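None of the values given here were measured: they were computed from a predicted structure. Just so it is clear: chains get the letters A, B, ... in the order the sequence lines come, proteins before strands, and each one is counted from 1.
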Number of protein chains: 2
Amino acid sequence: MVPTKVKNADTSALIERDGKPLGKAGAKPRPLTRIQREKQNVILEAALEVFAVHGFRGSTIDQIAEVAGMSKPNLLYYFPRKEEIHRRLISELLVTWLAPLREMDAKGDPFPEIRSYIRRKLEMARDYPRESRLFANEMLQGAPHIIEMIEIDLKNLVDEKAGILLGWMDEGKLARTDPYHLIFSIWATTQHYADFDVQVRAVLGPSRGGEGRFEDAARYLEQLFLYGLTPRAKS
Amino acid sequence: MVPTKVKNADTSALIERDGKPLGKAGAKPRPLTRIQREKQNVILEAALEVFAVHGFRGSTIDQIAEVAGMSKPNLLYYFPRKEEIHRRLISELLVTWLAPLREMDAKGDPFPEIRSYIRRKLEMARDYPRESRLFANEMLQGAPHIIEMIEIDLKNLVDEKAGILLGWMDEGKLARTDPYHLIFSIWATTQHYADFDVQVRAVLGPSRGGEGRFEDAARYLEQLFLYGLTPRAKS
DNA sequence: AAGAATTTTGACCAGTTGGAAAAATGTTAG
DNA sequence: CTAACATTTTTCCAACTGGTCAAAATTCTT
């Protein structure tokens, strides 16, 4: 039978050409079939698993295909190149990743806001460790795939939130300090529990390294950010 | 000319067999030549550069050889397998990496001790970012090569230092809190400046992302760990 | 300067990797 | 049911990978 060169699938190639999204200009994008949607998700899920551990270069299509439970050529039918899978994961990631910070609200009071920001970030480290590691891997490599997004979207967001923090400081509701490094320290301390999970578990040992470690971390961080380590009079 | 099967070089194979060090039992280990010492260092340096960015699997011998300025077979003459290079880097790393924590002294006072521990860690992030990233890469992958060292040596060290911190808390010189998570938070906040350097620079922008960022970080962290973010009366 | 040892090179190899092509099999709208 | 399309499998390939080997070049040692 004549090959009938696939016309659907490879949706990423339809939605974006040359790496740039093209609105609805492309020839009738024809909606995704049920199977396409399902399989793409299976693949992205598997790829997240693999990329998070081995990074882009260290991961192979075969590995991803195996985790996804399909053959390599079959996988390549949905995502014609390895980079495409990675790109998709990374761009979806950034949106999710910044969501907690977006929620920080100037109209609230600093401590409840900061406190719940830390909680949310810690929950993400607990519930989405693979995403955290994927992000960390990308950073370690110098963020080759998302450097512009970091320099523009992320920077703008942080600038905005730093402004809010400064406002609170001006009102005397928050200690005067560097708002950027403040945000960094929240990122660092929370993501640590996802990225360095092995180390955390190993050091805490079997007795304290179980599920409770996130609650312990939340309690500790809350105190750290509120009062630091200076001893206070007993209440 | 008859090949005269290399007798020297491949020192790692002489010093350790089957991955385990064997004292001086091996047949006369014959001291390293000048060239051997030099080239091995060049290779380790190059490998650090490459492994730190791409992880073990994502790095190739060719890449390392190129950075080291030699041919692949030549490199393999000094380190007969890729794993050998990595092993050497990782085991040297752990010693260096734990040194700052080792210095924390029970006989000192908590704040000077913690303060200078933070300083030292921050200096390491600044001066040895590749080591930090190599370590981070290893952690992200679940520490396959150093898990026992983490579970034993690192755990013991942290247990000991957590004991010191608890002692200070008992004396009322330090806020009562979780000493393990306290140590984690110092690791996280300081290593962040090496591992997420791209992000830090991008967010701070050209004006504040220069060399001064480590000084700013040091000042911020000092305040965070001392007082937290609660505003204090002006002095 | 000669001989022995060490270091470097170039050619090569088997296994892996990302990916192409085509054929075979499913699915579904009319 | 069947044509048109969607999906999957099989086969294949060129480039890359970690690593070998013998010869050539260089560096000691005496």
Side-chain angles (χ1 to χ4, degrees), chain A residues 1-14 27-43 46-47 50-51 54-88, chain B residues 1-14 27-43 46-47 50-51 54-88:
Chain A
M1 186 178 284
V2 184
T4 65
K5 192 67 176 159
V6 175
K7 282 172 192 137
N8 212 333
D10 179 8
T11 54
S12 37
L14 287 176
K28 48 191 148 70
R30 205 178 289 192
L32 294 184
T33 69
R34 172 185 52 87
I35 296 181
Q36 282 170 350
R37 249 176 296 115
E38 287 172 7
K39 291 290 169 90
Q40 286 195 2
N41 286 339
V42 171
I43 292 169
V50 178
F51 282 140
H54 298 290
F56 182 75
R57 286 225 40 191
S59 305
T60 72
I61 300 185
D62 276 306
Q63 271 179 98
I64 299 172
E66 176 161 1
V67 175
M70 63 180 75
S71 67
K72 177 171 64 171
N74 196 186
L75 182 151
L76 284 167
Y77 170 72
Y78 292 101
F79 290 91
R81 27 214 79 237
K82 188 185 172 187
E83 269 213 336
E84 217 62 56
I85 313 176
H86 193 253
R87 192 203 308 282
R88 272 278 288 272
Chain B
M1 187 181 283
V2 184
T4 63
K5 192 67 176 158
V6 175
K7 277 169 194 145
N8 212 335
D10 179 12
T11 53
S12 35
L14 287 175
K28 48 188 152 55
R30 204 179 293 191
L32 294 184
T33 68
R34 172 187 54 89
I35 296 182
Q36 282 169 352
R37 252 178 295 115
E38 286 172 6
K39 292 290 167 95
Q40 285 193 4
N41 285 339
V42 171
I43 292 169
V50 177
F51 283 141
H54 298 290
F56 182 75
R57 285 224 38 190
S59 304
T60 72
I61 300 184
D62 276 306
Q63 271 179 95
I64 299 172
E66 174 162 2
V67 175
M70 63 181 73
S71 68
K72 179 170 63 170
N74 196 185
L75 182 152
L76 285 165
Y77 169 74
Y78 293 100
F79 290 91
R81 25 216 80 232
K82 188 184 170 188
E83 269 213 334
E84 217 61 58
I85 311 175
H86 193 253
R87 192 201 311 280
R88 272 277 289 273

Over how many whole Å does the gap from [X] atom [atom1] to [N] atom [atom2] extend?
X	N	atom1	atom2	answer
Q40(B)	dT8(C)	CD	P	12 Å
N74(B)	dT6(C)	CG	P	15 Å
E38(A)	dT7(D)	CD	P	11 Å

Taking the nucleotide of DNA chain C with the closest heavy atom to each, which residue, L76(A) or S71(B), is nearer the 5' end? S71(B)
Could you list the residues that satisfy side chain to side chain contact (heavy atoms under 4.5 Å, CB included) with [X], not counting sequence neighbours?
X	result
R81(A)	E84(A)
E83(B)	F56(B), R87(B), H145(B)
L76(A)	I61(A), K72(A)

Report yes if a donor N or O on one partner sits less than 3.5 Å from an acceptor N or O on the other, where the partners are the side chain of K72(B) and the base of dG18(D); otherwise report no. yes
Measure all distances between protein nitrogen or oxygen atoms and nitrogen or oxygen atoms of nucleotides 28-30 of chain D, and list the pairs falling under 3.5 Å.
from: dC28(D); atom 1: OP2; to: R34(B); atom 2: NH2; distance (Å): 3.3

Could you go through residues 63-71 of chain B and list every donor-acceptor pair under 3.5 Å that involves a side-chain atom there, pairing it with any protein atom two or more places apart or in another chain?
from: Q63(B); atom 1: NE2; to: T60(B); atom 2: OG1; distance (Å): 3.4
from: S71(B); atom 1: OG; to: N74(B); atom 2: N; distance (Å): 3.3

Base, sugar-phosphate, or nothing for K39(B), non-hydrogen atoms under 4.0 angstrom? sugar-phosphate
Y78(B) side-chain N/O to dT6(C) phosphate OP1/OP2 under 4.0 Å: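 It does not, given that no N or O in the side chain of Y78(B) lies less than 4.0 Å from OP1 or OP2 of dT6(C).
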Can you sort out which residues in residues 56-70 of chain B have a heavy atom within less than 4.0 Å of DNA chain C? Ascending by number, please. R57(B)
